[in-house]
Amino acid sequence: MQKLIKIYSDLKHGYVRDILISIGFFVFSVFITLFMLLFTNCNPSGTSLPNRTIIQHIIYSEKEELLCSANYSVPAISVGLYNNEWLIVFLPFIVGLPFIMNFADEINSGFYKMKLSRKSFKSYWNKSYLMNGLLGAGSFLIGYLIFILIVSIKFPHINEYGFNEYGEKTILPLLTQAPLNKLFNTESEFILVFQNCLTLLMFLILTAQICMFLFTLTMNRYKSIGLPMVCFYLMDQIAKSLFDKQYNPKYLLLSPSNIAFVTPGTMSGAGIDYYWYFIAIIVILVLLYLVCGKILKGRIMC
């Protein structure tokens with residue numbers, strides 16, 4: 001009986017509802033991520049295969065056909081996602097859904113007052129900031145990992161390419177030049193995928209907290225997600241246009257898709273050490289934590 005009373009109380013105060021909504025948004029974000037990744041175009045130059053998306057290759061292309069170029073290998077596919085322009089546009093939408101939408105409803109409806117009656121603002125904000133980053137980044141990352149698993153089943157691994165016409169072992173520069181592979185002196189695909197997940201995770205958390213920052217400024221859930229979508233699209237187009245005109249790799253630092261999916265190449269092209277990427281994002285995340293917390297406290301505690 002006491003359990004039933006507790007469940008009823010939780011439902012009444014919206015806790016279970018909030019959890020179910022967050023789970024629903026999280027699953028939806030994972031699905032959208034997987035959908036967009038599978039529909040990324042994959043057509044390396046110098047091959048005879050028709051222009052197809054990843055999902056079309058999975059359905060129509062034979063594995064033997066994909067052995068025509070190492071750019072069809074699992075490592076190459078895993079970092080070739082920057083070619084999908086719509087992926088970076090919808091990234092703020094994907095990472096913003098799992099937490100921001102529910103959090104915005106909680107703030108605008110005044111439901112946060114019940115939570116603040118049981119805990120301090122600092123505790124409330126710490127949990128909110130942490131959950132926003134983890135849920136937002138986690139939704140995309142899980143979709144990405146499912147995508148990699150699917151790709152690894154259908155597409156060739158680099159050791160399946162054997163030797164070229166000169167009798168030399170097929171080598172993918174991507175594997176030999178990746179920072180973590182160089183650090184561990186290996187050509188492991190697993191290490192490369194781990195590196196991709198690590199750099200992507202940092203960018204996803206940053207994107208989620210940018211959405212949070214915009215929400216504390218506007219108190220509007222749609223603007224907090226919509227504005228980064230527009231900005232990411234414009235930044236990507238401007239950066240790549242400048243790069244095509246002047247061929248200066250430093251312009252690619254302004255491209256969200258290059259920063260997110262080909263981080264090592266983008267950083268090295270600009271003459272910056274790869275590991276500064278993590279330091280820069282951590283510093284920005286700390287600043288966002290302090291600024292967002294101060295803004296939100298001023299809005300709801302006055």
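Below 30°, between 30° and 60°, or above 60°: for F39 and F35 the angle between ring planes is between 30° and 60°, a tilted geometry. Relative orientation of the Y289 and Y129 rings is perpendicular, given thresholds of 30° and 60° on the angle between their planes. Y144 and F147 have tilted rings, their planes meeting at an angle from 30° to 60° on a 0 to 90° scale. Classified by interplanar angle (parallel below 30°, tilted 30° to 60°, perpendicular above 60°), the ring pair F90/W86 is tilted.
Taking SG of C211 as the reference point, atom CD1 of I100 lies at 6.0 Å (rounded to 0.5 Å). Between S123 atom OG and K127 atom NZ the span is 8.0 Å, to the nearest 0.5 Å. Remark: I272 CD1 to T263 OG1 distance equals 12.0 Å, nearest 0.5 Å. Separating the NZ atom in K113 from the CD atom in E106 is a distance of 12.5 Å, to the nearest 0.5 Å. Separating the OG atom in S22 from the CG atom in N102 is a distance of 4.0 Å, to the nearest 0.5 Å.
D236 has a carboxylate O that lies under 4.0 Å from a charged side-chain N of K240, or vice versa, which qualifies the two as a salt bridge.
Checked against the 6.0 Å centroid criterion, the rings of F278 and Y274 qualify as a close aromatic pair.
Counting heavy atoms from C-beta outward, Y72 and H57 have side chains that approach closer than 4.5 Å. Here the side chains of T207 and F140 are not in contact, with every heavy-atom distance at 4.5 Å or above. Using a 4.5 Å heavy-atom cutoff, the side chains of E187 and I158 are not in contact.
Closest of all the heavy-atom pairs between A270 and P249 is N-CB, 4.5 Å. Taking each heavy atom of M219 and T216 in turn, the nearest pair found is SD-O, 3.9 Å.
Looking at N126, its side chain does come within 3.5 Å of a backbone N or O of K122 through a donor-acceptor pair.
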Assess whether side chain to side chain contact (heavy atoms under 4.5 Å, CB included) is satisfied between L37 and I54, documenting all intermediate values.
CA-CA 8 Å; L37 290 173; I54 300 292; over 6 Å; no
